[in-house]
Participant: 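Have a look at the structure that comes next, please.
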Amino acid sequence: MDYREEMKSLRDQLNTAGYQYYVLDAPVMQDYEYDRLLRRLEDLETEHPEEITPDSPTQRVGGQALESFTQVEHPVPLESLQDVFSQEEVEEFAQRMEESLTDIAYSVEPKVDGLSVALEYRDGVFVRGATRGDGRVGEDVTENLRTIRSIPMILPDKLPRLIVRGEVFMPKNVFHKLNKRREELGEPLFANPRNAAAGSLRQLDPKICAKRLLDIRVFNLQLAEGREFFTHSETIAYIASQGFQTIPHKVFSDAAGVNEEIVRLGENRDDLPFDMDGAVVKVNNLSDRAKVGSTAKCPRWAVAYKYPPEQKPSKVLDIVVQVGRTGVLTPKVVVQPVRLAGTTVTNATLHNQDFIVEKDIRIGDTVVLQKAGEIIPEVVEVLKELRPEGTVPYHLPEVCPVCGAPVARDPDGAAVRCTGAECPAQLHRNLTHFASRDAMDIDGVGPAVMLQLIDRGMVKNPADLYFLTVEELADLERMGKKSAQNAVKAIDASRGRGLERLLYALGIRQVGQKAGKVLAAHFRTFDALAAAAEEELTEIDDVGAVTAAYIREWIDNPQSQHLIGRLKEAGVAMEAAEQPGGEQFKGMTFVLTGALSRYTRDEAAALIERRGGKASSSVSKKTTYVVAGENAGSKLRKANDLGITVLTEDEFAAMLEEEKPKETAEEKAEQPQQYSLFSAPEAPNT
Ligand code: AMP
């Protein structure tokens with residue numbers, strides 16, 4: 001067979017298999033066979049790139065990441081819907097329609113909770129897809145929409161122009177998997193599938209969107225040049241015949257039938273792959289629609305019925321506390337299992353202590369539950385009249401239920417956190433923070449690797465990282481020998497980062513990069529810091545009473561002491577990397593202004609600080625020198641007004657030359673192999 005014919009035949013087979021799988025949900029081809037044919041097509045396309053066609057299954061995730069989305073005007077506006085909340089309001093809608101129409105047929109269909117998009121085809125080829133935006137102008141998300149496998153790239157009919165409208169959603173099972181994964185990695189969770197779908201469709205890189213496995217249901221024909229239809233049912237049948245997944249609907253002649261169907265849809269909503277946030281009632285006949293027309297935003301011929309959230313009472317069997325990755329203690333009620341909006345609910349979140357106090361929720365109470373955003377059950381109220389005798393108000397425990405360390409309430413919030421430096425619940429977060437760029441800067445041991453290390457019990461605290469071998473790391477999934485070697489090298493190099501970064505890396509509350517530097521400069525070694533009383537800490541500039549208390553509390557915690565012991569054993573430097581500030585600029589304040597040619601602002605500031613001076617950003621009477629580079633502006637003027645000495649960059653450079661502080665420990669550490677994992681490390685502080 002000629003290669004062109006073979007490519008066409010492969011495309012056809014793959015597209016048919018894709019249609020059966022993604023649209024009809026009735027797979028016919030084995031995954032293995034599909035992959036084999038796809039590989040063959042890819043090979044041929046590499047050999048003959050000029051033969052790649054837009055409908056090739058390889059073109060779904062072709063595009064480059066975009067800088068931004070361009071705007072698209074919708075030729076037919078994407079209207080909104082008027083909401084109704086009761087059966088009476090549905091009847092009123094029907095009465096309104098009967099005032100101007102006769103023999104009305106109503107269609108009833110699920111309202112998919114996703115994002116509206118318009119898909120445009122020219123001569124049967126998918127050319128553009130856009131979000132709804134404000135209904136008139138949306139954003140061009142064509143490349144992302146291509147990744148949705150149930151959107152056909154080529155249609156059997158070659159109408160000059162066809163536009164359909166559908167709702168993009170993230171299937172419920174995909175959403176649950178995605179959130180589970182994000183939770184494992186300590187990433188923020190999506191509140192619901194709708195947010196997850198919206199976030200995915202607005203990714204500038206189609207490769208990310210492709211991974212999110214979005215799907216679509218088409219519910220309207222916006223425009224079909226050269227075809228005429230009379231009813232909604234006809235248009236939907238036509239759309240389905242063109243290879244789209246459509247939203248199914250049923251037709252009724254009166255409000256009673258409509259209301260029955262609404263109830264039925266509500267009862268069966270859990271069987272749907274998407275979240276349903278209502279039922280849409282539409283006049284079925286297109287000429288009837290034209291007769292009643294639209295308001296500025298919504299068609300008059302349709303309404304969206306919104307279901308009330310289902311609520312059920314249940315008994316509180318227990319209140320338990322979970323410790324999240326950030327150490328926050330989250331209480332939840334364990335309730336007598338109850339069926340609610342399609343799932344069996346056994347517990348509900350109580351958010352925090354304030355929530356419990358506000359509602360006065362006690363073990364033994366009967367509470368009313370509902371699902372917020374259809375997913376997470378929550379307590380709406382306590383049925384106080386059903387409260388048994390002898391119940392007591394509930395308080396969160398004073399020690400972490402996972403590791404036993406004391407808990408502390410955030411000074412500026414309702415959250416209560418565990419303070420344990422080795423608390424297993426917080427390990428992943430602590431490890432990723434420890435290894436992060438501004439902390440110990442361990443490259444090549446990212447969040448996913450950390451997760452495996454924890455799961456396999458290889459790492460129980462940050463110090464354990466320093467005892468890992470290449471062989472152990474190479475054994476991890478997606479890790480290979482080379483990356484394991486690099487990871488060990490990176491871990492090794494981080495030993496010499498110095499006390500300032502180590503203090504930040506330890507994740508002591510309120511000790512950020514700046515406090516780490518200030519403390520390291522003041523105490524020079526960890527042991528000197530550990531020996532300081534709280535009052536001594538407060539005396540240091542930039543360390544407030546709250547921070548001082550947190551530092552003391554952290555150091556006194558047995559878990560912290562164990563961790564520090566292990567870090568010392570691992571040969572991690574416990575002294576300041578920065579040399580003690582020279583005395584040259586002691587008591588002097590510099591302000592840098594204009595563009596310097598030899599240093600960046602940060603570098604110049606570091607040079608000043610290393611000599612014991614301060615770099616400030618605003619000129620005042622206290623300023624000793626203003627260093628003025630090219631195009632210095634208002635600060636220079638102010639310096640002149642206040643009579644402050646102004647230095648040129650050359651004069652400043654000359655001052656720096658007068659006295660050079662010694663190289664820093666960090667610079668030393670960059671020399672090869674200070675400590676090695678394979679030779680017994682000589683711990684500097686033991
Ligand atoms: P709202 O955004 O609350 O005004 O609801 C209107 C939106 O519901 C429309 O913009 C559509 O995106 C969406 N929708 C979901 N399913 C349907 C459906 N079956 N018929 C019409 N609109 C729908």
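Both ligands and their constituent atoms are indexed starting at 1 by order of listing.
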Participant: Please identify which of these residues, Glu79, Arg165, Arg132, meets the side-chain hydrogen bond (donor to acceptor under 3.5 Å, both in side chains) condition with Ser116.
Facilitator: Arg165
Participant: Students often mix this up, so state it plainly: with edges at 30° and 60°, are the rings of Phe169 and Phe274 parallel, tilted or perpendicular?
Facilitator: perpendicular
Participant: Given Arg36 and Glu33, is the salt bridge (Lys or Arg N to Asp or Glu O under 4.0 Å) satisfied, shown in steps?
Facilitator: CA-CA 5 Å; Arg36 192 182 69 81; Glu33 178 65 1; 3.2 Å; yes
Participant: Parallel, tilted or perpendicular, judged at 30° and 60°: which one describes the rings of Tyr121 and Phe126?
Facilitator: tilted
Participant: So, for Ile151 and Leu145, which heavy atoms are closest and what is the spacing to 0.1 Å?
Facilitator: CD1-O, 3.6 Å
Participant: Between ligand 1 and the protein, tabulate every N or O atom pair separated by less than 3.5 Å, reporting distance only.
Facilitator:
residue, atom, partner, partner atom, Å
ligand 1, 4 (O), Ser80, OG, 2.6
ligand 1, 4 (O), Leu81, N, 3.4
ligand 1, 5 (O), Lys111, NZ, 3.1
ligand 1, 8 (O), Lys111, NZ, 3.4
ligand 1, 10 (O), Arg132, NH1, 3.2
ligand 1, 10 (O), Arg165, NH2, 2.7
ligand 1, 12 (O), Ser116, OG, 3.0
ligand 1, 12 (O), Glu167, OE1, 2.5
ligand 1, 12 (O), Glu167, OE2, 3.4
ligand 1, 16 (N), Val112, N, 3.0
ligand 1, 19 (N), Glu109, OE2, 2.7
ligand 1, 19 (N), Pro110, O, 3.1
ligand 1, 20 (N), Glu109, OE2, 3.4
ligand 1, 20 (N), Lys282, NZ, 2.9

Participant: Does some side-chain heavy atom of Pro337 sit less than 4.5 Å from a side-chain heavy atom of Thr346?
Facilitator: yes
